[in-house]
Amino acid sequence: MAKKSVKDRMSNEINAGSMADIAFLLLIFFLVTTTIDVDKGVLVKLPPWSDEEPDITKLKKRNVFSVLVNAQNQLLVRGEPTRVDELKDRTKEFIANPQRKEDLSEAPNKAIISLKNDRGTKYGTYLEVYNEVKAAYSELWEEECQRKYGQAYSEDLPLAIRKEIRAKFPLVISEAEPTNFGEE
Amino acid sequence: MSKFSNKGGKEPPKVSTASLPDIVFMLLFFFMVTTVLRDAELKVAVQLPFATELTKLEQKSLVHYLYLGKPTKKYQALYGTSPTLQLGDKISNINDIPIFIEKHKIKVNESQHGRITSSLRVDGNVTMGIVQDVKTKLRKSNQLRVNYSAKIKQQ
């Protein structure tokens with residue numbers, strides 16, 4: 001008798017109707033929590049290799065914006081120590097030269113940013129500097145685009161407009177061979 | 001109690017198979033989530049630096065990765081603690097870069113060779129010396145499209 005009642009109880013199926021809900025819940029949980037790792041970064045185009053160093057002494061001194069970074073991650077911008085957060089505004093002022101100062105660039109398309117670092121410089125600092133210079137240019141592009149076309153500069157704009165703006169403020173970054181004082 | 005004993009049946013209890021598809025799907029999704037996203041085991045620790053001027057890398061098939069960083073704890077006995085280069089899933093020498101690039105080029109349609117990008121995933125604390133060596137090697141191999149991988153900096 002007792003045996004039969006156990007069998008009876010066993011024959012009751014577990015309600016599986018909610019199984020699908022649980023599965024979906026888990027699926028949604030995984031969908032939400034996993035971020036598909038899209039690789040983002042600062043895109044650069046390296047200059048082709050040539051055995052001789054580019055000679056920047058031929059350029060006028062006022063057109064060159066030299067940024068030196070030493071092994072202690074300190075910046076020397078045109079001969080004076082600078083903090084990284086000042087770099088963007090200084091770069092912008094140098095390129096655009098709104099007050100037509102004698103010591104800043106003659107014209108935006110003649111301006112050249114010259115970067116030089118040490119082999120002991122931290123990569124993080126190097127990228128920060130590079131990023132600031134690029135940010136300065138993208139702000140200039142943005143301003144120019146707003147002034148001329150009244151819209152934000154983005155990759156969605158027609159290529160002709162982007163090219164025109166970029167031609168006015170061409171991004172020229174020259175990277176010199178690093179010094180070797182502080183490599184560990 | 002009486003509600004259950006009323007039914008009374010002699011056949012052995014059946015295990016419900018209605019949930020089996022769900023379980024299978026669950027497992028499937030779980031494996032999809034865990035396996036696809038990791039393409040290479042990292043043998044070097046890479047803590048990406050932060051930046052604001054970021055570009056998204058489209059078309060993963062045109063991108064290859066170069067990792068630079070200190071070997072992780074597990075591999076320190078084997079490779080030491082100084083920053084090392086990892087190509088694909090193995091620790092490599094800088095001189096292996098040209099072959100690594102060529103191997104990737106073979107897989108890509110020739111018309112798209114110009115759009116192949118080297119993504120440098122470099123730890124923020126690595127010194128520029130080794131980075132510079134890698135850059136020089138890339139320039140010498142005529143691989144000029146380079147991406148300095150970084151995380152977005154929140155303002």
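Predicted model only: the values in this text are computed from it and were never measured. We name chains A, B, ... by the order of the sequence lines, and we start the count at 1 in each one.
With a 6.0 Å radius and a threshold of 12 heavy atoms from other residues, nucleotides or ligands, B:Gln47 has its CD atom at or below the threshold. Atom NZ of A:Lys110 has 12 or fewer heavy atoms from other residues, nucleotides or ligands within 6.0 Å.
Counting only heavy atoms from C-beta outward, the side chains of A:Lys40 and B:Ser149 never approach each other to under 4.5 Å. Contact check for A:Pro178 versus B:Met128: no side-chain heavy atoms found under the 4.5 Å cut-off. In this structure, A:Pro47 and B:Arg139 have side chains that are in contact, with non-hydrogen atoms separated by less than 4.5 Å. By the 4.5 Å heavy-atom criterion applied to side chains, B:Thr117 and A:Leu43 are counted as neighbours. Side-chain contact between A:Leu127 and B:Phe50 is absent, with no heavy atoms from C-beta onward closer than 4.5 Å. The shortest side-chain heavy-atom distance between A:Val42 and B:Leu54 falls under the 4.5 Å cut-off.
In this structure, the separation between OG1 on B:Thr136 and CH2 on A:Trp49 is 5.5 Å, given to the nearest 0.5 Å. Considering OH of A:Tyr123 and CG of B:Leu120, their distance stands at 6.0 Å, rounded to 0.5 Å.
In terms of the side chain to side chain contact (heavy atoms under 4.5 Å, CB included) criterion, residue partners of A:Asp85 (sequence neighbours excluded) are, by chain and number, A:Arg83.
At a threshold of 4.5 Å between side-chain heavy atoms, the hydrophobic network of Ile, Leu, Val, Met, Phe, Trp and Tyr places B:Ile101 and B:Val108 in two separate groups. Hydrophobic clustering (ILVMFWY, side-chain heavy atoms < 4.5 Å, transitive): A:Leu171 and A:Leu159 are in distinct clusters. With hydrophobic clusters built from ILVMFWY side chains whose heavy atoms lie under 4.5 angstrom apart, B:Ile106 does not share a cluster with B:Ile116. A single hydrophobic cluster is not seen to contain both A:Tyr130 and A:Leu68; linkage of ILVMFWY side chains at heavy-atom distances under 4.5 Å, directly or through other members, places them apart. In the hydrophobic cluster analysis, where Ile, Leu, Val, Met, Phe, Trp and Tyr join through side-chain heavy atoms closer than 4.5 angstrom, A:Ile161 is grouped together with A:Leu140.
With a 4.5 angstrom heavy-atom cutoff, B:Lys151 does not touch chain A via any of its atoms. If you measure heavy-atom distances from B:Gln132 to chain A, the contacts under 4.5 Å come from the side chain alone.
Judged by distance alone, with hydrogens and angles left aside, the side-chain atoms of A:Asn131 form a donor-acceptor pair with the main-chain N or O of B:Thr52 at under 3.5 Å.
Interface with chain A: from residues 140-148 of chain B, residues B:Lys140, B:Gln143, B:Leu144, B:Arg145, B:Val146, B:Asn147, B:Tyr148 qualify, criterion being any non-hydrogen pair under 4.5 Å.
Closest of all the heavy-atom pairs between A:Arg119 and B:Asp133 is NH2-OD2, 2.9 Å. Closest non-hydrogen pair, A:Gly124 versus B:Pro49, comes out as CA-CB, 4.2 Å.
Ranked by heavy-atom pairs shorter than 4.5 Å toward chain A, the options B:Leu57, B:Val122, B:Val126, B:Leu48 are led by B:Val122.
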